[in-house]
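Step one of this worksheet: look at the structure below.
These numbers come from a predicted model, not from an experiment. Labels below follow one simple rule: chain letters A, B, ... track the order of the sequence lines, proteins then strands, and each chain is numbered from 1.
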Number of protein chains: 2
Amino acid sequence: MVNRRTHHTSTSRRAHARGAGHLPAERRSQVERRRQTRRALLDAALQQMDGGYGFDSLSLRRVARAAGVVPTAFYRHFDTMDELGLALVEESVATLRSMLREAREGGTEAQHLIARSVEILVAHVREHRRHFAFMAHARASGNAVLRHAIRSETKLFASELATDLARFPILRDWSTADLQMLAGLFVDTMIATIDAILEASNGGAGTEGLSPETEARLVTQAEKQLRIIVLAIPHWRST
Amino acid sequence: MVNRRTHHTSTSRRAHARGAGHLPAERRSQVERRRQTRRALLDAALQQMDGGYGFDSLSLRRVARAAGVVPTAFYRHFDTMDELGLALVEESVATLRSMLREAREGGTEAQHLIARSVEILVAHVREHRRHFAFMAHARASGNAVLRHAIRSETKLFASELATDLARFPILRDWSTADLQMLAGLFVDTMIATIDAILEASNGGAGTEGLSPETEARLVTQAEKQLRIIVLAIPHWRST
DNA sequence: TGTACATCAGTGAACGCGCGTTCACTGATGTAC
DNA sequence: TGTACATCAGTGAACGCGCGTTCACTGATGTAC
């Protein structure tokens, strides 16, 4: 009976080194190597979801493979796929926060505010398409952990928006509940816009990207929808 | 060498007969038996998705098992899981249509119309919770076939609503694009409400159902959101 | 600066499992005479 | 009405595959002296 564990040559091992794999020639520090592999796993997960497939359809092995790493190396960074998913939620939420921050800087005149907000939204979705697509899917996915994480972040986001809205003179006398209602309406409309953008840029027949015409149409529609809500504000009698 | 294929007793086969399984005592016709198994497969799929898990996480074997049928029997009814999914989309769409039809019967005075519409929506979601949950998940799922099927049905639904809206005197002079925009806003708000109801009735801590308080809160919020949109209508200048 | 040892990120073989799909089959229902 | 044959919904064994997870390992990086 021969030795069960085969002794491979070192060259065969080198041949497997790809992406975040083991590249001794580079002389990276251990912590840097670790950081890069973690990043590669997160990016691989986002990349694998790119075709419009959700987090649920990922497998640990596919993510590891796409990251250029052996499946077992995954466990050096995350205990489960859920933990990787939560890390992606954190990154995505950071993107949302930066969006809200950017929207806060600038004038408060309604007409410009709407156009600017939609512009910022579209720019962010384009810039961080994978993160938004991840959230759009995971929001309604089968994974309860991710779904709840994203839902609660969405509620938090709406609450922060309500606080911002409270600063407008015309909304000063609205009840908290009505401000939340209004913020919810804005957020729901934004989410619908995000969905529409993502659908148009994924589902497009082979074009892979969002055509300028389609984008313009979606921007116009979103602006109109926000504007019609704003139009109603002076006529609302808050309880 | 013994015969590879074991010859089981007929009693052991009977013991396996469950649900839509083979029940010779009943003397059903072949077509009736076929119809019942198909129904059992569809119901089993809906049931398996009940815990908040989406269509993507179903497997053919699990569905067949839950339907009380052997995996291979599945193929007598559907070529693939996708086909079963499309059958569920058809059923769900029929539900939506009946909802719209019900909403059309009755007065057109705005205030009552909103309350009635929300009431009908909530009643339908409660009555057909599994179908709505299926659509809410599949809308954003990884399965491109189902996603597109549901998206296009949603657009059709919004178009029909736009046609209904065109009959209101106050909307008579609105452009088609603006009517579509308005219908889209209503539909997006309804979808958000449906999502909120489903989330509250699944995510509730062990209660399994939607508490009357939560439902009342969601109904109030939805009514307010629709009302604020309606409030804006007289002030909109359509292009 | 040089040496001996510790750490630990990534490796590769192995496992048991549920999956979709194939195939030849069984036996009740349906039909032709 | 009775018999012989056809139909076909559902069966059960088998297959190859990708999965998550375990384990002992390798070898470069890091550290104590």
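- In this structure B:A66 satisfies the side-chain contact (heavy atoms from CB on, under 4.5 Å) test together with B:A44, B:Q47, B:Q48, sequence neighbours excluded.
- Heavy atoms of A:R76 sit under 4.0 angstrom from at least one base atom.
- In terms of the side chain to side chain donor-acceptor pair (under 3.5 Å) criterion, residue partners of A:E215 (sequence neighbours excluded) are, by chain and number, A:R126.
- For the pair B:T72 and A:V70, nearest-nucleotide mapping onto DNA chain C gives the more 5' position to A:V70.
- The ring pair (Phe, Tyr, Trp, His ring centres under 6.0 Å) search around A:H128 returns A:H124, not counting sequence neighbours.
- One cannot find a donor-acceptor pair under 3.5 Å joining the base of C:dG20 and the side-chain atoms of B:T80.
- Straight-line distance from the CD atom of B:Q36 to the C1' atom of D:dA9: 13 Å, rounded to whole Å.
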Show the distances under 3.5 angstrom between N or O atoms of the protein and N or O atoms of nucleotides 30-33 of chain C.
{"unit_1": "C:dG30", "atom_1": "OP1", "unit_2": "B:Q30", "atom_2": "N", "d": "3.2"}

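- A search for side chain to side chain donor-acceptor pair (under 3.5 Å) contacts involving B:T220 returns nothing, not counting sequence neighbours.
- When rounded to the nearest whole Å, the span between NE2 of A:H77 and P of C:dC8 equals 13 Å.
- Residue pairs meeting the side-chain hydrogen bond (donor to acceptor under 3.5 Å, both in side chains) criterion with at least one member in residues 182-194 of chain B, sequence neighbours excluded, do not occur.
- For the salt bridge (charged side-chain N to carboxylate O under 4.0 Å, His left out) with A:E91, the qualifying choice from A:R38, A:R39, A:R130 is A:R39, the only one to do so.
- Side-chain N/O atoms of A:R33 include none lying less than 4.0 angstrom from OP1 or OP2 on C:dA9.
- For the pair B:Y75 OH and C:dC23 P, the computed distance is 12 Å after rounding to whole Å.
- Qualifying side-chain contact (heavy atoms from CB on, under 4.5 Å) partners for B:A158, counting only residues two or more places apart in sequence or in other chains: B:V187.
- Across the protein-nucleic acid pair, A:F78 atom CZ and C:dA9 atom C1' stand 14 Å apart, rounded to whole Å.
- Rounding to whole angstrom units, CD of residue A:E32 and C1' of C:dA9 are separated by 13 Å.
- As a whole-Å value, the separation of B:R34 CZ from D:dG10 C1' is 11 Å.
- For A:R65, the side-chain contact (heavy atoms from CB on, under 4.5 Å) criterion is met by A:R61, A:R62, not counting sequence neighbours.
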Using a cut-off of under 3.5 Å, enumerate the N/O to N/O pairs linking the protein to nucleotides 16-19 of chain D.
{"unit_1": "D:dC19", "atom_1": "OP1", "unit_2": "A:S59", "atom_2": "OG", "d": "2.6"}
{"unit_1": "D:dC19", "atom_1": "OP2", "unit_2": "A:R65", "atom_2": "NH2", "d": "2.7"}

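- In this structure A:E105 satisfies the side chain to side chain donor-acceptor pair (under 3.5 Å) test with no other residue, sequence neighbours excluded.
- DNA chain C contains the following stems of three or more consecutive Watson-Crick or G-U pairs, with both distances under 3.5 Å: C:2-33 with D:2-33.
- Between B:T214 and B:A200, the shortest heavy-atom contact is CG2-CB, 3.8 Å.
- Atom CG of A:D82 is separated from atom P of D:dG20 by 12 Å (rounded to the nearest Å).
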Can you list, pair by pair, the side-chain donor-acceptor contacts under 3.5 Å of residues 73-89 of chain A, counting residues two or more places apart and other chains?
{"unit_1": "A:T80", "atom_1": "OG1", "unit_2": "A:D82", "atom_2": "N", "d": "3.4"}
{"unit_1": "A:T80", "atom_1": "OG1", "unit_2": "A:E83", "atom_2": "N", "d": "3.3"}
{"unit_1": "A:D82", "atom_1": "OD1", "unit_2": "A:N143", "atom_2": "ND2", "d": "2.7"}

